[in-house]
Novice: 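Structure provided below as structure tokens; questions to follow.
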2 protein chains.
Amino acid sequence: MTTQLLRIGETAERLGVSTHLLRHWEAEGVITPERTAGGARRYGPELRDALAIAVKCQHAGMSLSTIAQLLNGPPGERRRLVAEQRDAVDRHRARLERTAAFLDHVLRCTHPVVRECPECRAFASSTP
Amino acid sequence: MTTQLLRIGETAERLGVSTHLLRHWEAEGVITPERTAGGARRYGPELRDALAIAVKCQHAGMSLSTIAQLLNGPPGERRRLVAEQRDAVDRHRARLERTAAFLDHVLRCTHPVVRECPECRAFASSTP
DNA sequence: GTAGAAGTTCGGGTCGACGCGAAGTCAAGG
DNA sequence: CCTTGACTTCGCGTCGACCCGAACTTCTAC
């Protein structure tokens with residue numbers, strides 16, 4: 001049992017994505033699998049974990065190029081990027097929090113017109 | 001002072017976007033300004049508030065078509081959509097929270113390899 | 001050793017959300 | 001009247017992320 005190398009089909013299925021996508025991500029420098037002598041992609045457990053993490057990161061709003069740097073960049077740069085993304089996620093979270101509050105408010109707001117409702121106006125003119 | 005109608009240039013500048021964008025959003029059915037006799041767009045205070053809200057909603061991940069429905073759809077449908085988006089925002093928030101925790105962890109994680117770190121693995125295999 | 005499943009490369013297509021510039025229109029000042 | 005500047009429509013270009021099919025090669029099970 002030589003460290004469970006899976007081919008692209010299995011890997012894609014387990015991850016719930018298409019094989020096209022895995023090739024695309026490779027082309028974008030996100031994840032680079034090993035190759036057999038004949039050129040077929042083989043994904044080991046490490047890479048599959050990295051892929052899973054990449055998916056989560058993407059859901060958190062990171063671009064493919066950012067994720068690629070995160071996974072493959074030099075350690076120093078990597079640390080900086082992680083911290084940066086951490087901040088970005090926090091800002092994103094703050095925005096979402098305001099949005100959630102606003103939507104909650106809208107559900108019970110009786111003002112027919114935004115301008116007449118201080119809470120709506122507050123959201124409209126909230127920082128970034 | 002007849003309810004401050006602004007032209008597209010002023011409106012765009014105050015909002016920090018391009019005039020192209022405002023026309024684009026109109027074409028997508030997001031916001032439909034009044035027109036002068038000659039066909040020039042005029043944005044009243046109400047519409048400008050709506051625009052500001054649309055911008056926030058977009059930052060919260062909503063698509064233009066969703067926003068268009070939110071702003072212009074029939075009240076019944078609107079309520080449903082708001083509730084739906086509210087839920088989506090919450091799910092999004094939950095994901096971001098996990099991501100933030102993961103990034104925090106990565107900043108102080110000493111394991112050289114993801115597979116060897118239970119916390120990293122936990123994030124990799126966390127629900128959606 | 002060979003069939004057929006699964007893989008490969010390559011190039012073009014789609015979708016959402018824009019940007020951009022050309023060519024024409026309108027309104028106000030000199 | 002004419003200029004000037006902000007506006008109009010129209011259509012094509014871009015970018016990120018992705019899907020898809022054609023044509024060919026490799027892998028694997030029998």
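Side-chain atoms are counted along with the backbone in the values below, which use heavy atoms only and exclude waters and symmetry mates. Numbered from 1 within each chain, the chains take letters A, B, ... in sequence-line order. The structure displayed is predicted, hence computed values, not measured ones.
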Novice: Between C/dG16 atom C1' and B/I67 atom CD1, what is the distance in whole Å?
Specialist: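 Computing the B/I67:CD1 to C/dG16:C1' distance gives 12 Å.
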Novice: Just the rounded figure in Å: distance from P of D/dC7 to CZ of B/R42.
Specialist: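 Rounded to the whole Å, the gap is 8 Å.
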Novice: Check step by step if side-chain contact (heavy atoms from CB on, under 4.5 Å) holds for B/D87 and B/E84.
Specialist: CA-CA 5 Å; B/D87 283 4; B/E84 185 180 307; 5.9 Å; no
Novice: How would you list, by chain and number, every residue that makes a ring pair (Phe, Tyr, Trp, His ring centres under 6.0 Å) with A/Y43, sequence neighbours excluded?
Specialist: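 In terms of ring pair (Phe, Tyr, Trp, His ring centres under 6.0 Å), with neighbours along the sequence ignored, A/Y43 is linked to no residue.
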Novice: Side chain of A/K56, backbone of B/S125: donor and acceptor closer than 3.5 Å?
Specialist: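 The answer is no, because no donor-acceptor pair under 3.5 Å joins these two groups.
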Novice: A/A40 has a side chain; which of C/dC18, D/dA17, C/dG7 sits nearest to it?
Specialist: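 Output: C/dG7.
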Novice: Both B/I8 and A/A37 contact DNA chain D. Taking the nearest nucleotide for each, which residue is further toward the 5' end?
Specialist: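 Looking at the nearest nucleotide for each, B/I8 comes out on the 5' side.
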Novice: Measure the distance from CG on B/L64 to C1' on C/dC18 and round it to the nearest whole Å.
Specialist: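 Atom CG in B/L64 sits about 9 Å away from atom C1' in C/dC18.
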Novice: Going by number, which of residues 16-36 of chain B have a non-hydrogen atom under 4.0 Å from DNA chain D?
Specialist: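 Close to the strand are B/R23, B/R35.
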Novice: Between B/N72 and B/G29 (side chain of the first, backbone of the second, donor and acceptor by atom type, cut-off under 3.5 Å), is there such a pair?
Specialist: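 Judged by distance alone, yes, a pair lies under 3.5 Å.
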Novice: Before accepting this row, confirm whether a basic side-chain N of the pair B/E77/B/R80 lies closer than 4.0 Å to the acidic partner's carboxylate O.
Specialist: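 Judged by the 4.0 Å cut-off on N to carboxylate O distance, B/E77 and B/R80 do form a salt bridge.
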Novice: Does C/dC18 have OP1 or OP2 under 4.0 Å away from a side-chain N or O of B/Q58?
Specialist: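 B/Q58 to C/dC18 OP1/OP2: side-chain N or O found under 4.0 Å.
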Novice: State whether the number of non-hydrogen atoms from other residues, nucleotides or ligands found under 6.0 Å of B/R14 atom CZ is greater than 12.
Specialist: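 Yes, enclosed.
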Novice: Between B/G38 and B/M62, who's closer to the 5' end of DNA chain C by nearest nucleotide?
Specialist: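 Between the two, 5'-proximity favours B/M62.
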